[in-house]
Amino acid sequence: MSNEQVLPYSAEAERAVLGSILINPAEFRVLDLTPSDFYVQVNGIIYATMIELDMNDIDIDIISLTNALSESRQLEIVGGMNYLIELTNEVPSSMNAETYARIVKDKANRRNIILKARELTMAAFDPEKDITNVVANTVDSIVANVNVGEGAKPMSHVISELIDQVESAIANPQDIFGIPTGFAGFDKVTRGLQKKEVAILAGEPGVGKSSFAVQLGIGMAKGSNGKKGKPGAIYELEMSSIATIRRVIAYESRVEAFKLRTGRMASAEIDKFTKTSAAIAELPIYISDYSNWTTMGIRSDLARLKSKAGIEWVIIDYLSLLKDGPAEDSNERSAVISDRIHSMAKDLDISILAVHDLTKAGITGAIQGQAGLAGSRRVMYNADMIMFLRDSGKLVDGYKSYTLSWEKFREDDPDRILELRRIPGFPAFVELAK
């Protein structure tokens, strides 16, 4: 069976959209198409020539199009002026150009998926191929090249959307317009974690990054500042789910974690453990401790959870443990992972909090600020917010204190510092009152 019989396309829609443009050239600039979206070669040539005419501020009509095709020696290839005239005569209605264009785009998207699937199948038969990396690259290619959105739109449309947002904010003013975490100082600085953005939480090993990240997740699921809790997911690549939740139950119930393992609890502690466990079990949180996640796998799982539970936030603990590109060096791997996490947040409309490492120079202080992040500089560029959790070296009420400093903040001055201390006897933090 030939490709023409297998690959989806609509010759009628392709001809209709070209004919509509020739009849009503004003339609051209509102169409979300590229020459490669046309399956029939001559139609792609014609559309590419229309683009050249428009870029040169030449009105698109049969005469100008014929001249341009003749000058590029492609007029005979497309069937001459007769074919162009046929295009205008066959259009059911030139007012439906956008409808025809959507059909053309849909067919192009489907062809691209089929062709990428064929490439993936061939790679799966090749024992020399790193199949995990091939799958990830294929997904990236489909996401990048299969345009299912609106395409670029006029600035006036964006301004209109912004005005609607501002008017809504004026009608219902609120200090926290993101997802509140329940940490008052944190939420005052960030205005809540924002959807479509990636926040990086970094620090030296053992400082408590994972514990703090999970606390933020629990807070987002509980809700605060007059906002209901939001569903989310935690991908814990370092610890087991049981160990992670044991810590949560311990600090929420104030029953030491070791007692949950020894079972040596007083009746009052058993009661607190039971009630806290029941309350935490009701939170809209999904958790995985699978160790071999890749960004592609997480993206697929998040798409499922987005559809099933409407999740709005995600915690990944932590980036360097993701299994993307095992054959690449650490810098290349971190760049690829960072790019994919960034796209994931935007495409799925979720807030991502990712735990990350510092370099040795970042830990010792030989390198200051964002440059201390481990891996490629793309991690720094892609992040919307970067926070460092550090041991302050000071004691408060006999306990260690910590600082959470903002090293990057896209929409505000990053010079912010929050003081924290551990809850005595628990792997958890509280804010210090100023």
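Of all the heavy atoms in Ser210 and Glu238, the pair that sits closest is OG-OE1, 3.8 Å. The two residues Met239 and Asp289 have their closest heavy-atom pair at O-CB, 3.6 Å. Closest approach of Ala233 to Leu305, counting heavy atoms only: CB-CD1, 4.0 Å. Scanning both residues, Val379 and Ser334, for their nearest heavy atoms gives CG2-O, 3.8 Å. Among all heavy-atom pairs drawn from Ser288 and Ser241, the shortest one is C-OG, 3.9 Å. Contact detail for Tyr286 and Ala309: the closest heavy-atom pair is OH-CB, 3.3 Å.
At least one side-chain heavy atom of Leu237 sits less than 4.5 Å from a side-chain heavy atom of Leu322. With a 4.5 Å cut-off on side-chain heavy atoms, Ile159 and Met155 count as touching. Taking 4.5 Å as the limit, some side-chain heavy atom of Ile298 sits within range of a side-chain heavy atom of Leu302. Between Glu312 and Ser351, every side-chain heavy-atom pair lies at or beyond the 4.5 Å cut-off. Inter-residue side-chain proximity for Tyr100 and Ser93 is flagged as met; some heavy-atom pair is nearer than 4.5 Å.
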Worked verdict on Lys209 versus Asp317 for salt bridge (Lys or Arg N to Asp or Glu O under 4.0 Å): CA-CA 9 Å; Lys209 302 183 298 294; Asp317 183 24; over 6 Å; no
Verdict with reasoning, Val430 to Arg421, per side chain to side chain contact (heavy atoms under 4.5 Å, CB included): CA-CA 6 Å; Val430 292; Arg421 75 170 171 85; 3.9 Å; yes
Verdict with reasoning, Val396 to Glu419, per side chain to side chain contact (heavy atoms under 4.5 Å, CB included): CA-CA 10 Å; Val396 176; Glu419 295 183 339; over 6 Å; no
Verdict with supporting geometry, Leu7 and Tyr9, side chain to side chain contact (heavy atoms under 4.5 Å, CB included): CA-CA 7 Å; Leu7 296 178; Tyr9 75 101; 5.7 Å; no
Chi angles and distances behind the side-chain hydrogen bond (donor to acceptor under 3.5 Å, both in side chains) call for Glu269, Ser267: CA-CA 5 Å; Glu269 292 173 324; Ser267 59; over 6 Å; no
Test log, rule side-chain hydrogen bond (donor to acceptor under 3.5 Å, both in side chains), inputs Ser392 and Ser401: CA-CA 6 Å; Ser392 71; Ser401 66; 2.4 Å; yes
Leu373 vs Ile386, side chain to side chain contact (heavy atoms under 4.5 Å, CB included): CA-CA, chis, key distance, verdict: CA-CA 9 Å; Leu373 288 176; Ile386 297 174; 3.7 Å; yes
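The existence of a salt bridge linking Asp175 and Lys188 is excluded, since no basic side-chain nitrogen approaches an acidic carboxylate oxygen closer than 4.0 Å. A salt bridge does not link Arg390 to Glu204: none of the charged side-chain nitrogens sits closer than 4.0 Å to a carboxylate oxygen. A salt bridge does not link Asp324 to Arg333: none of the charged side-chain nitrogens sits closer than 4.0 Å to a carboxylate oxygen. Looking at Lys222 and Glu252, a side-chain N of the basic residue comes within less than 4.0 Å of a carboxylate O on the acidic one, giving a salt bridge.
Counting heavy-atom neighbours within 6.0 Å of Gln41 CD, excluding the residue itself, gives a total of 12 or less. The number of heavy atoms from other shown groups lying within 6.0 Å of NZ (Lys196) is above 12. Counting non-hydrogen atoms of neighbouring residues, nucleotides and ligands closer than 6.0 angstrom, the NZ atom of Lys272 exceeds 12 such neighbours. By the neighbour-count criterion of 12 heavy atoms within 6.0 Å, atom CG of Leu395 is densely surrounded, having more than that number from other residues, nucleotides or ligands. For Asp59, the CG atom sits in a loose shell: 12 or fewer heavy atoms of surrounding residues, nucleotides or ligands are nearer than 6.0 Å. Surrounding CD of Glu282 are at most 12 heavy atoms belonging to other residues, nucleotides or ligands under 6.0 Å away.
In terms of modelled atom types and a separation under 3.5 Å, the side chain of Arg111 and the main chain of Pro8 share a donor-acceptor contact. Ser160 places no side-chain N or O within 3.5 Å of a backbone atom of Ser156 that could act as its donor or acceptor partner. Judged by distance alone, with hydrogens and angles left aside, the side-chain atoms of His342 form a donor-acceptor pair with the main-chain N or O of Asn382 at under 3.5 Å. Remark: side-chain polar atoms of Thr244 are paired, donor with acceptor, to backbone N or O of Ser240 under 3.5 angstrom. Between the side chain of Asn225 and the main chain of Lys227, no donor-acceptor pair closer than 3.5 Å is present. Side-chain atoms of Lys195 never come within 3.5 Å of backbone atoms of Ile350 as a donor-acceptor pair (strictly under, hydrogens ignored). Counting only distance, with no hydrogens or angles, the side chain of Trp313 and the backbone of Lys230 share a donor-acceptor pair below 3.5 Å. Of the possible donor and acceptor atoms, none in the side chain of Glu256 sits under 3.5 Å from a partner among the backbone N and O of Phe258. A distance-only check finds no donor-acceptor pair linking the side chain of Ser307 to the backbone of Arg304 [under 3.5 Å]. Put simply, the side chain of Lys346 never gets that close to the backbone of Met344: no donor and acceptor are under 3.5 Å apart.
Between atom CZ of residue Arg102 and atom CG of residue Asn96 there is a gap of 9.0 Å, rounded to the nearest 0.5 Å. In this structure, the separation between CG on Leu260 and OG on Ser277 is 7.5 Å, given to the nearest 0.5 Å. Rounding to the nearest 0.5 Å places CD of Gln194 at 8.0 Å from CD1 of Ile179. Atom CE of residue Met95 and atom CD of residue Glu27 lie 6.5 Å apart, to the nearest 0.5 angstrom. Going from atom CG of Leu420 over to atom CG of Leu389 covers 6.5 Å, rounded to the nearest 0.5 Å. Here the straight-line distance linking atom CD1 of Ile176 with atom OG of Ser224 works out to 7.5 Å at 0.5 Å rounding.
The closest side-chain donor-acceptor pair between Asp301 and Tyr235 falls under 3.5 angstrom. Side chain to side chain, Thr34 and Ser36 meet the donor-acceptor criterion of an N or O pair below 3.5 Å. A side-chain N or O of Ser405 and one of Glu407 form a donor-acceptor pair less than 3.5 Å apart. Counted by atom type alone, Arg247 and Ser211 present one or more donor-acceptor pairs between their side chains at under 3.5 Å. Thr181 and Asp187 share a donor-acceptor pair across their side chains, judged by distance under 3.5 Å alone.
Ring planes of Phe28 and Tyr47: tilted class, angle from 30 to 60°. Ring geometry for Tyr402 versus Phe429: interplanar angle over 60°, hence perpendicular rather than tilted (30 to 60°). Relative orientation of the Phe409 and Trp406 rings is parallel, given thresholds of 30° and 60° on the angle between their planes.
In this structure, Phe212 has its ring center closer than 6.0 angstrom to the ring center of Phe183.
Evaluated for a side chain to side chain contact (heavy atoms under 4.5 Å, CB included) with Val91, the options Ile23, Ile21, Val17 yield exactly one hit, Ile23.
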